[in-house]
Amino acid sequence: MREINFRQALGEAIAEEMERDPAVFIIGEDVGKMGGLMGEIGGLYDKYGPEKVRDTPLSEAAILGAAIGTAITGLRPIARMRFCDFMGIAWDEVLNQMTKMRYMFGGKIKVPLTMDALSGAGRRTAAQHSQSLEGMFMCMPGLKIVLPSNAHDAKGLLKTAIRDDNPVLFLEHKLLMWGGLKSEVPDGEYTIPFGQAEIKREGSDVTVVATAAMVQRALNAAEKLQQEKGLSLEIVDPRTIVPFDKQTVLNSVKKTGRLVVFTEECATGSFAGQVAAIVADEGFDYLDAPIKRVNAPDTPVPYGIILEDFWMPDENNLIKAINEITV
Amino acid sequence: MREINFRQALGEAIAEEMERDPAVFIIGEDVGKMGGLMGEIGGLYDKYGPEKVRDTPLSEAAILGAAIGTAITGLRPIARMRFCDFMGIAWDEVLNQMTKMRYMFGGKIKVPLTMDALSGAGRRTAAQHSQSLEGMFMCMPGLKIVLPSNAHDAKGLLKTAIRDDNPVLFLEHKLLMWGGLKSEVPDGEYTIPFGQAEIKREGSDVTVVATAAMVQRALNAAEKLQQEKGLSLEIVDPRTIVPFDKQTVLNSVKKTGRLVVFTEECATGSFAGQVAAIVADEGFDYLDAPIKRVNAPDTPVPYGIILEDFWMPDENNLIKAINEITV
Amino acid sequence: MTVAKEKLLDLYRTIVRIRRFEERVSEEFAAGNIPGSVHVYIGEEAVATGAIAHLRKDDYIMSTHRGHGHLIAKGGKMNLMMAELFAKKTGYCLGKGGSMHIADLDIGMLGAAGIVGSGIPIATGAGLSARMRGTDQVTICFFGDGASNIGRFHEGINLASVWKLPVIFVCENNLWAVSVPTSTSLAIQDVADRGVAYGIPGVVVDGQDVMAVYEAVGEAVTRARKGAGPTLIEAKTYRYRGHFEGDAGTYRPQEEIEKWLARDPLNIFQEQLIKMKMLTEKQAEEIDKEALEEVAKAVQFAKESPFPKPEETLDNVYA
Amino acid sequence: MTVAKEKLLDLYRTIVRIRRFEERVSEEFAAGNIPGSVHVYIGEEAVATGAIAHLRKDDYIMSTHRGHGHLIAKGGKMNLMMAELFAKKTGYCLGKGGSMHIADLDIGMLGAAGIVGSGIPIATGAGLSARMRGTDQVTICFFGDGASNIGRFHEGINLASVWKLPVIFVCENNLWAVSVPTSTSLAIQDVADRGVAYGIPGVVVDGQDVMAVYEAVGEAVTRARKGAGPTLIEAKTYRYRGHFEGDAGTYRPQEEIEKWLARDPLNIFQEQLIKMKMLTEKQAEEIDKEALEEVAKAVQFAKESPFPKPEETLDNVYA
Ligand SMILES: Cc1ncc(C[n+]2csc(CCOP(=O)(O)OP(=O)(O)O)c2C)c(N)n1
Ligand SMILES: Cc1ncc(C[n+]2csc(CCOP(=O)(O)OP(=O)(O)O)c2C)c(N)n1
Ligand SMILES: [Mg+2]
Ligand SMILES: [Mg+2]
């Protein structure tokens, strides 16, 4: 099968959906001639022109507000927000508008709007360009949140996002966007449904729920622990955190009796905490050990290699946590 | 001892702190002649005039941005944000500015800034004026969050907030602000330190962690269960959720073996989930039963009495959860 | 400007209907039949009436927290509105939205707004949508003087302007944002002057005069429909009651209130029409009676309608 | 306007120092010594140089993501800057902030800004603070043409205007916000015209000409210091390099780049001073040499400085 990287996956998904459905268009900063910060949607401007690939003034509230206005009147915008950190500028559009309109208006409206944004640390871009905000976005009923961990999933999930009739936030981890790692993808069209976790590695001793860039790190740790200790990790990747496929996680914990949630977020207010809380209730009887969360510390993301590497959760942090519950 | 209600507590705390420290001032909409939405700071405008009780144009980003600018240059603003829902307009000021400046600038700056805002449902004001957003604010390291449950605590905690050298969000639940319930308070000055939970009722069978308006409902349920079933609930009120006094909760769970977290938030992304996650890790060995969370459903807050009452967690929801883990 | 008699009577009917609806809302609120908070439009009716008169059913409007008048003028149904205010299942939003959150997509009403100013960029998006779908629909976006100070005013109008979108931004300047007067929240006399910042026309109009509003918005609609871009119109008006029902509004000077009461938009329009011999006193009475009946029926409908079932709370989050 | 020779030489030293610092930053970035992303100020140096020349040490400036020049002009230390860029413990922010987040409260530099436009309302607050503390400090707030389209531009300047605060808003219009030209992001020629929306003066100035900037900002500073309120100044300028180091900037037309290269602010100022006989070529060479030495020392300092310890990640969240 052919192989593509994360960036290509993104570009292909958007290109295919624009081809398929004339209602789909792109709005955001530097989406035109520049083709996105890394040229990831290069070519679309040449193909569709400035009417459908719309470079905007620097005004995130206007971008999302306008996207909402088009979504409720028959179009399907893809609003490219660049760094998810910038969405603070347009928070009300997400918090109080797109996610609440359908409910407030008694279900008589739909808001088919996809937002994509870079997320996560690892590029040394410090506190205002490195956050993982999924835990914060998760607090808004009405929003679906996609957090892919590889190119294959990214493509299939982004296509599903664009076809969804609800607001969807698609987060692209920087290490995946800049990293060259490739996945096999089918030549033809495929989509991946929301709310279906994937078991990235089967195992029997400990369940590790991991997201985005942490999935690869979890796989690395699993390999290491298998070889060094004969310990068998099961790695579960939720892929969408809203909706969240809790059943796959519960089934896994039922089998392993142990859970570590491994995400790149500040510990407080994290998706990881949410997973732990669910299992501490609905999976309590399966548990043989405390539920561990391996996250970043409750600090802004620091600049520089040394501090940021310390800040980011990694294989060692994960292994340490696993050791604590498997001795 | 004399008794005051929540609104008076708020007014007294601000008045006393303005009297004590000339650097303290008020900025926000309708803080002047109107004295706040409910006249809760009435009198201060007459006393201090428009220089220190500053009515602003309708522009929340400017209010918080300006407050930050004064805070880093020697003043101690109290920014009155009215409904916490409106803070989406000024989210970046909270998310990326006030809470990150000290860290980004290597500790060489301080941001002594208090924000207060109404929170919670119960006033039939629908989706955009009724949210409990503490779970969302909790995701920002650098912010302290106060969530008082009665007038006595409110006064002491607000004074501590104003004296704190960090950004503090002080949330006023509407049912407390509009409710007439009074607390005994000392005549003289008192403050309440952050990060100290208070056990509002001692008990031995089940620990209930409750916040804000849910504390009174928990106390009601405790009374009922005591009388009807001889069940003894211990009600723990964290009072500040950042910093969070986890030790008091863990100690309580150690005693009772059972935990229910009872807060008025959408279940997903809640402070309640965070508490559950902490106990599922650090208090795992104390637990005799699944950790229950009693929260609102994952929907926007609906309008009207019937739907909103269904949406808000209440004594019955709590009792039901307790029954599930005490049969 | 000459306007056909039937059109003028339509406008008159609209202004009367808004006034009577709002008066009744105020009463029903006081009687405890409407929960939550309600902002009535009394005193400002000429703006919605004159502006929306130019729109087709498929054109859009974006409303505010003070939105009943806009909806009525656009063709909204009073019974569904009143039922919504009463939190009944038969209301526009199944009783889930209330006064600040009514929308009616079927007639192009894109929603009221509990967050001040939130509608401005969304209206820009509606304009963009019309352009991209190749229709000649226009959008009128209403907002207050208070909203003209919020960031989204700037972002939303700038975007509409650089893309020359068919949106008319109508600022209802009633001199107050709750207790804060425009004299302390803007350093300029006219919000309309802000059009300069976006290279679009800024027009000041007497918001108590239906005909004046009609004329000014007419030009802007023509401009928008032919693709020449947005206009910023400022209607100088006044709210006759407190900011919300229950607000005594004591922060406002009595002389100011009286001055504006003397320029009641309903009286002004009635006098104009009578003078123009387009309306007789008898006709006026009939129109008033019809409006009162329509309102009474709406209240009856609301009262007799069932409440939603508690579990309906859980519906309608996702499509 | 006559300016003392020593002052002119100071300004010349400043513009040279900024240029040489930025050139070196660009090299060090290319060499892999500076992580993250860096936006250099080459081509725009006349703006910071001419504007900040009016400020006292206790006056404030608010900077941007393209902030090195502002900091140097305000008296920032190159070695602490370079160490910060190198992510060293000896840097301005202990290596925690990097290029986009340097502040130096001791000299009134309130911070760079990773979020475009975030500094505008904060600068308004600094102005408010000066007023409330009874000082005559002024604040200069820098931002780009891109930032002039963001909501906080509107909110922040409006507030400064209604309160007549001592803040000078300096828009560095370099014609581009990354790949988006002002011609598609504003429907007006001059950002300065936006002053109309706030009832404050709006002034356009040649941002390649130190003396022109000096003169325009001088008036605004005088106005601010005497309590007459804010001014909006637009300096027309150009960035000579890509948006960030590593951006080839291919979206910009070559003729445009060449046109602006021909108006290099450093050359222009040098020629002016030589013509005015305030500077000799020899002096110019010396100043250049000194600047290069200062930069070299800063790099050496940065290179020799220790990195922070990993655990220091956990410090400095709360006071
Ligand atoms: C963003 C935001 N800030 C504050 C409020 C509270 N609020 C509701 S209406 C209002 C005043 C609005 O003034 P204006 O825009 O002039 O409209 P008017 O009420 O005068 O019609 C305020 C401050 C809000 N709903 N949203
Ligand atoms: C709120 C926000 N949106 C987008 C960005 C990404 N970004 C960084 S700089 C920039 C362009 C800024 O343009 P301008 O204000 O003109 O400053 P210049 O870079 O030209 O000096 C953009 C879009 C950001 N940092 N913050
Ligand atoms: Mg108003
Ligand atoms: Mg620029």
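Here is how names work: the chains are called A, B, and so on, in the same order as the sequence lines, proteins then strands, and each is numbered from 1.
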Measuring from A/Arg123:CZ to A/His173:NE2, what's the distance to the nearest 0.5 Å? 11.5 Å
One should read off an interatomic distance between B/Phe170 CZ and B/Ile145 CD1, to the nearest 0.5 angstrom, of 13.0 Å
Salt bridge flag under 4.0 Å for residues [X] and [Y]:
X	Y	result
A/Asp164	A/Lys144	yes
A/Asp281	B/Lys292	yes
A/Arg124	A/Asp309	yes

Do you know which of [options] has the most heavy-atom pairs under 4.5 Å to chain A?
options	value
B/Glu265, B/Met87, B/Lys100	B/Lys100
B/Glu93, B/Gln274, B/Glu324, B/Met138	B/Gln274
B/Ala272, B/Gly142, B/Ala127	B/Ala127
B/Gly283, B/Ala276, B/Cys139, B/Gly269	B/Cys139
B/Gly135, B/Gly88, B/Ala61	B/Gly88

Could you tell me which portion of [X] (side chain, backbone, both or neither) has an atom closer than 4.5 angstrom to a non-hydrogen atom of chain B?
X	answer
A/Ala267	backbone
A/Ile278	both
A/Val279	neither

Name the member of A/Leu133, A/Asp298, A/Asp92, A/Ile89 that forms the most heavy-atom pairs with chain B at distances under 4.5 Å. A/Asp92
Closest-packed option against chain B by number of heavy-atom pairs under 4.5 Å, given A/Thr99, A/Asp285, A/Leu287, A/Val261: A/Leu287
Over 60° means perpendicular and under 30° means parallel, so tell me whether B/Phe137 and B/Trp91 are parallel, tilted or perpendicular. tilted
Looking only at side chains, do [X] and [Y] share a donor and an acceptor under 3.5 Å apart?
X	Y	result
A/Thr125	A/Ser130	yes
A/Glu234	A/Ser252	yes
B/Thr211	B/Thr263	no
A/Thr248	A/Asn251	no

What part of [X] lies closer than 4.5 angstrom to a heavy atom of chain A: side chain, backbone, both or neither?
X	value
B/Ala90	neither
B/Val275	neither
B/Pro302	both
B/Gln131	side chain
B/Met136	both
B/Ile325	neither

